[in-house]
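Positions are given from 1, in the same order as the sequence printed here.
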Amino acid sequence: MIKSVVSKEYQDLQKEIVLLQDKWKQQMNPATITTNLDKASIEAGVPAIALTSINFEISLFVQCVEEINSILINYDPQLESKLAGISSLLTDETVTRWIEETVSFNHLYFVNFAEENGLEEWIPHFLAETAFRPYLQKVAEIVQPEITHGIPGAGCPVCGEPARLATIEEDGKKMIQCPRCLVNWNAKRLECAHCGNEDHKTIKFLTIEGDAVSQIQVCEECNGYIKIIDIRQYIEKPSAALLDLNSIHLDYVAQDNGYHAVGEKEEIN
């Protein structure tokens, strides 16, 4: 198996963050989450999070941010001065806005927030996204029994994240995994997750020398790609988030070859 291009130190950091997110998810009361997902919404490709009401406790969200900060500072003590004062910025209004903009993938809002508050550009979005994921993952856990398939081009049925990772399971089935909310769904072995193309002539596979468990499925119709990892050779199955991180070399290869994580169907006038 090819060695990950991600440093061991960063892998350890991400493992610690994943454990923290799981801890927060387990502590959540399911009664604070109300989902209104139905078959029509699923078929229309509406993400479950858009139809979900979460009764947030602002103080708990801020506490989660503070724990993330502690992990980051332990990883790199130089971050302490850059993260100082973050908690004081998190008023009820700001936290509510952070959550809303995270749901809507509004990266520009966080870029502006960083600039207005003298922060490095990556900090607000990283903290908001990382602290919000336990909520997404709890929603995914609740609705997982209803998620049997995805709509090509719609992304994750729960959080809307573009499809970019699939696994081959013990039974040989292909399952698309969402590294963001951890939901998974069945997929056809020969189908583009972005445009639905099933033509074997225009769906191809890129392999990496020295990587026996991974391949990249690419679509010549929309130039989209998805990473496919055969986890049957893993002794212990890693979380989708870590699997995505440790296979980032596949993203580099796909993008260097002109493929995109979000396929774009060519329009014919």
K.L.:
So do V139 and I54 actually touch side chain to side chain, heavy atoms under 4.5 Å?
P.N.:
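Yes, side chains in contact.
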
K.L.:
Does some side-chain heavy atom of Y109 sit less than 4.5 Å from a side-chain heavy atom of R97?
P.N.:
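When only atoms from C-beta onward are counted, Y109 and R97 do touch, with a gap below 4.5 Å.
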
K.L.:
What heavy-atom pair brings P179 and A240 nearest, and what distance separates the two atoms?
P.N.:
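That closest heavy-atom pairing would be CB-O, 3.8 Å.
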
K.L.:
One thing to verify: whether R232 and E169 come together as a salt bridge, which I'm taking to mean a side-chain N less than 4.0 angstrom from a carboxylate O.
P.N.:
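No.
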
K.L.:
Compare every heavy atom of G224 with every heavy atom of Y259, then report the nearest pair and how far apart it is.
P.N.:
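Heavy-atom minimum between the residues: CD2-O, 4.1 Å.
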
K.L.:
Any non-hydrogen side-chain atom of I176 less than 4.5 Å from a side-chain atom of L165?
P.N.:
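No, too far: nothing below the 4.5 Å cut-off.
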
K.L.:
Go through it in stages, so that I can follow the logic: the residues are S41 and D38, the test is side-chain hydrogen bond (donor to acceptor under 3.5 Å, both in side chains), and I'd like the CA-CA distance, side-chain angles, deciding distance and then a yes or no.
P.N.:
CA-CA 5 Å; S41 299; D38 54 37; 2.7 Å; yes

K.L.:
State whether the number of non-hydrogen atoms from other residues, nucleotides or ligands found under 6.0 Å of E80 atom CD is greater than 12.
P.N.:
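At most 12 heavy atoms, drawn from other residues, nucleotides or ligands, come within 6.0 Å of this atom.
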
K.L.:
Strictly distance-based, threshold 3.5 Å: is any side-chain N or O of N29 a donor or acceptor partner for the main-chain N or O of A31?
P.N.:
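Yes; judged by distance alone, with no hydrogens or angles, the pair exists.
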
K.L.:
So, the side chain of S239 versus the backbone of L242: is there a donor-acceptor pair under 3.5 Å, distance only?
P.N.:
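Here the side-chain-to-backbone pair exists.
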
K.L.:
Would you find more than 12 non-hydrogen atoms of other residues, nucleotides or ligands less than 6.0 Å from F205 atom CZ?
P.N.:
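Enclosed.
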
K.L.:
Could you state whether V111 and I86 fall into the same hydrophobic cluster, counting links through intermediate Ile, Leu, Val, Met, Phe, Trp or Tyr residues with side-chain heavy atoms under 4.5 angstrom apart?
P.N.:
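No, V111 does not connect to I86 through the hydrophobic network.
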
K.L.:
Shortest non-hydrogen contact from K82 to L119?
P.N.:
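K82 and L119 have their closest heavy atoms at O-CD2, 3.9 Å.
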
K.L.:
Determine whether Q144 and N184 make a side-chain contact, defined as any pair of heavy atoms from C-beta on separated by less than 4.5 Å.
P.N.:
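Counting from C-beta outward, Q144 and N184 do come under 4.5 Å.
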
K.L.:
Minimum heavy-atom separation for L136 and C159, please, with both atom names.
P.N.:
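Closest pair (atom of L136, atom of C159, distance): CD2-CB, 3.9 Å.
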
K.L.:
Evaluate ring-ring contact (aromatic ring centres under 6.0 Å, His included) for W98 paired with F132, printing each intermediate quantity in order.
P.N.:
CA-CA 9 Å; W98 271 28; F132 185 59; over 10 Å; no

K.L.:
Have S87 and E66 got a donor and an acceptor in their side chains that come within less than 3.5 Å?
P.N.:
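Yes.
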
K.L.:
Counting distance only, does the side-chain N/O of S104 pair as donor-acceptor with the main-chain N or O of E100 below 3.5 Å?
P.N.:
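Yes: the side chain of S104 pairs with the backbone of E100.
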
K.L.:
With salt bridge (Lys or Arg N to Asp or Glu O under 4.0 Å) as the criterion, how do E170 and K173 come out once you've worked through the C-alpha distance, each side chain's angles and the decisive distance to 0.1 Å?
P.N.:
CA-CA 7 Å; E170 290 296 333; K173 288 183 178 179; over 6 Å; no

K.L.:
Are the side chains of D199 and I203 in touch, meaning some heavy atoms are under 4.5 Å apart?
P.N.:
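A side-chain contact is absent here, since even the closest heavy-atom pair is not under 4.5 Å.
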
K.L.:
Should we say atom CD of Q255 is surrounded by more than 12 heavy atoms from elsewhere, each under 6.0 Å from it?
P.N.:
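Yes, enclosed.
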
K.L.:
When hydrophobic residues are tied together by side-chain contacts of less than 4.5 Å, even through go-betweens, does M175 share a cluster with I228?
P.N.:
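In one cluster with M175: I228, no.
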
K.L.:
R180 vs E129, test: side-chain contact (heavy atoms from CB on, under 4.5 Å). Steps then yes/no.
P.N.:
CA-CA 9 Å; R180 190 178 186 224; E129 174 68 27; 2.7 Å; yes

K.L.:
Is there a donor-acceptor contact under 3.5 Å linking the side chains of Y75 and E16?
P.N.:
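Distance-only check fails for Y75 and E16.
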
K.L.:
Let me check something: do F105 and I151 share a hydrophobic cluster, defined by ILVMFWY side-chain heavy atoms less than 4.5 Å apart, either directly or through other members?
P.N.:
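They do not share one cluster, since no chain of ILVMFWY contacts under 4.5 Å joins F105 to I151.
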
K.L.:
For G85, does its backbone N or O pair with a side-chain atom of S88 as donor and acceptor, under 3.5 Å?
P.N.:
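Judged by distance alone, yes, a pair lies under 3.5 Å.
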
K.L.:
Would T52 and N36 count as a side-chain contact (heavy atoms from CB on, under 4.5 Å) here? Give the steps.
P.N.:
CA-CA 6 Å; T52 299; N36 294 298; over 6 Å; no

K.L.:
Are I17 and I123 in one and the same hydrophobic cluster, where Ile, Leu, Val, Met, Phe, Trp and Tyr link if side-chain heavy atoms are under 4.5 Å apart?
P.N.:
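Yes: a chain of side-chain contacts under 4.5 Å links I17 to I123.
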
K.L.:
V158 and I147: side-chain contact (heavy atoms from CB on, under 4.5 Å), yes or no, with the steps?
P.N.:
CA-CA 8 Å; V158 173; I147 307 299; 4.3 Å; yes

K.L.:
So, for A128 and F61, which heavy atoms are closest and what is the spacing to 0.1 Å?
P.N.:
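Result for this residue pair: O-CZ, 4.1 Å.
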
K.L.:
At their closest point, which heavy atom of G150 faces which heavy atom of W185, and how far apart are they?
P.N.:
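Minimum heavy-atom separation between G150 and W185: N-CD1, 3.1 Å.
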
K.L.:
Looking at K23, I'd like to know if its NZ atom is crowded, meaning that more than 12 non-hydrogen atoms belonging to other residues, nucleotides or ligands lie closer than 6.0 Å.
P.N.:
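Counting other residues, nucleotides and ligands, NZ of K23 exceeds 12 neighbours.
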
K.L.:
ring-ring contact (aromatic ring centres under 6.0 Å, His included) for Y135 and F56? Distances and angles first, verdict last.
P.N.:
CA-CA 9 Å; Y135 297 91; F56 285 98; 4.6 Å; yes

K.L.:
Check whether any side-chain heavy atom of P47 lies under 4.5 Å from a side-chain heavy atom of P157, and answer yes or no.
P.N.:
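Not in contact.
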
K.L.:
Between R133 and D22, is there a donor-acceptor pair closer than 3.5 Å when you use the side chain of the first and the backbone of the second?
P.N.:
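Not at all, since once roles are kept as given, no pair shorter than 3.5 Å links the two residues.
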
K.L.:
Begin with the C-alpha distance, continue with both residues' side-chain angles, and end with the deciding distance and a verdict on side-chain hydrogen bond (donor to acceptor under 3.5 Å, both in side chains) for T167 and Q177.
P.N.:
CA-CA 7 Å; T167 55; Q177 310 282 345; 2.9 Å; yes

K.L.:
Can a donor-acceptor pair be found between the side chains of Q215 and K204 at a distance below 3.5 Å?
P.N.:
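Looking only at side-chain atoms, K204 and Q215 do not form any donor-acceptor pair under 3.5 Å.
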
K.L.:
In Å and rounded to the nearest 0.5 Å, what is the CG to NE2 distance from N112 to H107?
P.N.:
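N112 atom CG to H107 atom NE2 measures 9.5 Å (nearest 0.5 Å).
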
K.L.:
Let me confirm one number: the CG-CG distance from N74 to D12, rounded to the nearest 0.5 Å.
P.N.:
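Interatomic distance, N74 CG to D12 CG, rounded to 0.5 Å: 11.0 Å.
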
K.L.:
Quick one: CG on L243 to CD1 on I231, what's the gap to the nearest 0.5 Å?
P.N.:
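Separation between the atoms: 7.5 Å.
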
K.L.:
Report the C-alpha distance between T35 and L51 in whole Å, list the side-chain angles of each, state the deciding distance to 0.1 Å, and finish with yes or no for side-chain contact (heavy atoms from CB on, under 4.5 Å).
P.N.:
CA-CA 6 Å; T35 62; L51 304 169; over 6 Å; no

K.L.:
Please round to the nearest 0.5 Å and tell me the distance separating atom OH of Y252 and atom CD1 of I208.
P.N.:
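Atom-to-atom, Y252:OH and I208:CD1 are 13.5 Å apart.
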
K.L.:
Does one side chain, of E43 or H149, offer a donor that lies under 3.5 Å from an acceptor on the other?
P.N.:
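Per modelled atom types, E43 and H149 side chains form a pair under 3.5 Å.
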
K.L.:
Is there a donor-acceptor pair closer than 3.5 Å between any side-chain N or O of K174 and the backbone N or O of K188?
P.N.:
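Pair found, side chain donor or acceptor close to backbone of K188.
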
K.L.:
Rounded to the nearest 0.5 Å, what's the gap from CG on D76 to CG on L72? Could you check?
P.N.:
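Nearest 0.5 Å value for the CG-CG distance: 9.0 Å.
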
K.L.:
Would you mind reporting whether I226 and V218 have side-chain heavy atoms less than 4.5 Å apart?
P.N.:
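SC-SC contact between V218 and I226 ruled out.
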
K.L.:
Do M28 and P134 touch side chain to side chain, with heavy atoms closer than 4.5 Å?
P.N.:
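SC-SC contact between M28 and P134 confirmed.
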
K.L.:
Could you measure the distance from the OH atom of Y10 to the CG atom of N246? Nearest 0.5 Å is fine.
P.N.:
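Result: 11.0 Å between the selected atoms.
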
K.L.:
If you measure only the distance, is there a donor-acceptor pair under 3.5 Å linking the side chains of N257 and Y225?
P.N.:
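Not at all, the side chains of N257 and Y225 share no donor-acceptor pair under 3.5 Å.
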
K.L.:
Is there a donor-acceptor contact under 3.5 Å linking the side chains of E221 and N197?
P.N.:
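No - no donor-acceptor pair under 3.5 Å links their side chains.
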
K.L.:
Go through the side-chain N and O atoms of H194 and N223 and say whether any donor and acceptor fall under 3.5 Å apart.
P.N.:
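The answer is no; no qualifying pair exists.
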
K.L.:
Using a strict threshold of under 4.0 Å (side-chain N to carboxylate O), is an ion pair present between K227 and D244?
P.N.:
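Here D244 pairs with K227 in a salt bridge, since their nearest N and O are under 4.0 Å apart.
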
K.L.:
Same hydrophobic cluster for L19 and I68, using side-chain heavy-atom links shorter than 4.5 Å among ILVMFWY?
P.N.:
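Per the 4.5 Å side-chain linkage, L19 and I68 are not co-clustered.
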
